Amino acid sequence: MRARSWLGPLVLSIAVLACTSSRDPAPGSTSPAWPELPRTPEAADALIRACTARPLTGGGADTTSSEGLLRAIDDRPAALVAGAPGVVAWIQGFLDRAAAAGHDSAVLFGTYHDSGGQIEAFRRLIGPLGLRGLTHVAVEQLRADGAWRGVPADAQRGDDAAIGAWLARGDRGALSALAQRHAASDYAAWKFGYEASVLDLLVTARAAAVPLAGCDLPSSAQALLTGLPELARLRLRELHCLLSLGAAKGPRRMALLWGQAHVRREGLRRFLPPETAALSVYAIGYREGEWTTEATLGGRLALTDPLLIPLDPEGTEVAVLYPDGPLAANVDRVRAEASTGTPGLRVHVVGATGTLHIGDRAFPVGPDVQEIAVPAGEQAYVLAVDEVRFAGALHLPPGGGLDLTFDPAHRAVAWTERPPPAGSP
């Protein structure tokens, strides 16, 4: 019993030293010092606690339920961001503010493992029309080399070499070998048929010159953790990811793709230094099944565009909803050949009345056509009518007009863009 009384503090002190050294690499080093991979629950718990640098409570992650998301839309319509360009710009602003303050930043993009479409959404986010200036992109679906002490090198060799060969030289042999390894190791991608979407991340990264890497613990090293509780294994995989990220000149701008459970406060975020600006993005959409959040939302929310919903007052957790499947409105967009009527927005609701929110303004709308003066450009809107909310982005052409007819009974929107009058500047 006396031996056990000092064993716990000893393990903890070793873990603290190892984790501290992992966050403070030696001068001139580009890689952190890795601790010993724990093999017992006690050692794993000590290392995880020693490396935890942030509070595990607070934030808005609990609002990602269907009721929570609808409540967030209703409570703060002026805080919503809509449209793909607007969503990218909002996240880019988060990265830019951190860099201006001299801090690292991390966008933690959380997906469900039954959704290949959410992988595609991340691919667009890191692509040529997405985020700028990223220094690190890492994905859970591929494996990162490790340097854990006490583990043979062969047991912690990931996909770094193959990914590097593809990104640097377009080595198709390396990509083919990587595809075979991925097919054997990523059961969810195989089960739900999105293996090609994962590989397309590499194609996009090469096209956009983005430094993409794997992030998960290699399978052979994970096999050494079979005696640990599941939550401990999850935390060690996350710690492996963060240890594997290389250094960068100036503040790092990171985008990490992981499952939603990993990007919550008790996951990856806990290991990031407090000065690192961390943004958790919860992807909603591109999923099937009656049990999903998407199915529950579908009867009450109809999207015409992607919608970003802030979940906490600090703006460090957001949900991004995509207009797909049960979340999508039935939209018929046309462009009129000639301008008719006055410039601006005209709204008509079929057989009902409701309230249209644009920014911090609210307008009553109904069966009679309502003319609304709004500035040109893209801005978020929410129309609450009966039990249905339509939401998306208004695209008002400069000097022109936009006619919207909402049909709540059929979740339909007729959308007509009117050009500026002839001869207008």
Side-chain angles (χ1 to χ4, degrees), residues 22-25 27-32 53-55 58-61 76 78-110 121-139 204-205 208-213 215 241-258 263-265 267-283 306-320 359-360 375 377-380 393:
S22 74
R23 290 201 296 264
D24 300 314
S29 172
T30 59
S31 299
R54 290 169 174 256
R76 300 180 63 204
L80 303 176
V81 178
V87 170
V88 170
W90 193 96
I91 299 175
Q92 185 71 53
F94 182 91
L95 298 172
D96 291 346
R97 288 190 296 274
H103 298 310
D104 288 351
S105 55
V107 175
L108 311 177
F109 194 91
F122 181 78
R123 182 183 63 79
R124 292 189 292 273
L125 186 65
I126 65 169
L129 298 180
L131 300 174
R132 305 181 307 277
L134 293 172
T135 63
H136 299 75
V137 176
V139 302
T204 296
V210 169
L212 187 142
C215 214
C241 173
L242 297 179
L243 288 170
S244 71
L245 298 176
K249 294 181 179 179
R252 296 187 297 176
R253 299 182 184 214
M254 300 172 280
L256 309 183
L257 173 67
W258 276 79
V263 306
R264 299 188 183 277
R265 289 180 178 250
L268 281 157
R269 290 172 66 114
R270 72 191 296 159
F271 301 125
L272 292 170
E275 62 272 16
T276 297
L279 174 67
S280 293
V281 179
Y282 303 101
L307 185 70
L308 183 148
I309 306 173
L311 300 178
D312 66 330
E314 297 79 20
T316 65
E317 293 185 275
V318 300
V320 178
D360 58 0
E378 185 172 89
Q379 52 209 305

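Since we're looking at a predicted model, the values are computed, not measured.
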Pick out which of Leu80, Val281, Val318 makes a side-chain contact (heavy atoms from CB on, under 4.5 Å) with Leu308.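 So the option named by the test is Val318.
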
So, taking the atom named [atom1] in [X] and the one named [atom2] in [Y], what distance separates them when rounded to the nearest 0.5 Å?
X      : Y      : atom1 : atom2 : value
Thr204 : Leu125 : OG1   : CG    : 11.5 Å
Leu212 : Arg123 : CG    : CZ    : 12.5 Å
Leu108 : Met254 : CG    : CE    : 8.5 Å
Arg270 : Leu242 : CZ    : CG    : 11.5 Å
Leu272 : Leu256 : CG    : CG    : 7.5 Å
Arg265 : Ser280 : CZ    : OG    : 7.5 Å

Indicate every side-chain donor-acceptor pair of residues 129-139 with a distance under 3.5 Å to a residue at least two apart or in another chain.
residue : atom : partner : partner atom : Å
Thr135  : OG1  : Arg253  : N            : 2.9
Thr135  : OG1  : Arg253  : O            : 3.2
His136  : NE2  : Gly246  : O            : 2.5

Applying side chain to side chain contact (heavy atoms under 4.5 Å, CB included), can you list everything that pairs with Glu378, at least two apart in sequence or on another chain? Pro85, Ala393, His395

For Ala213, side chain to side chain contact (heavy atoms under 4.5 Å, CB included) partners two or more places apart: none

Check the pair Val263, Phe109 against side-chain contact (heavy atoms from CB on, under 4.5 Å), reporting the backbone distance first and the verdict last. CA-CA 7 Å; Val263 306; Phe109 194 91; over 6 Å; no

Are the side chain of Asp360 and the backbone N or O of Ala78 linked by a donor-acceptor pair below 3.5 Å?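 A pair under 3.5 Å: no.
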
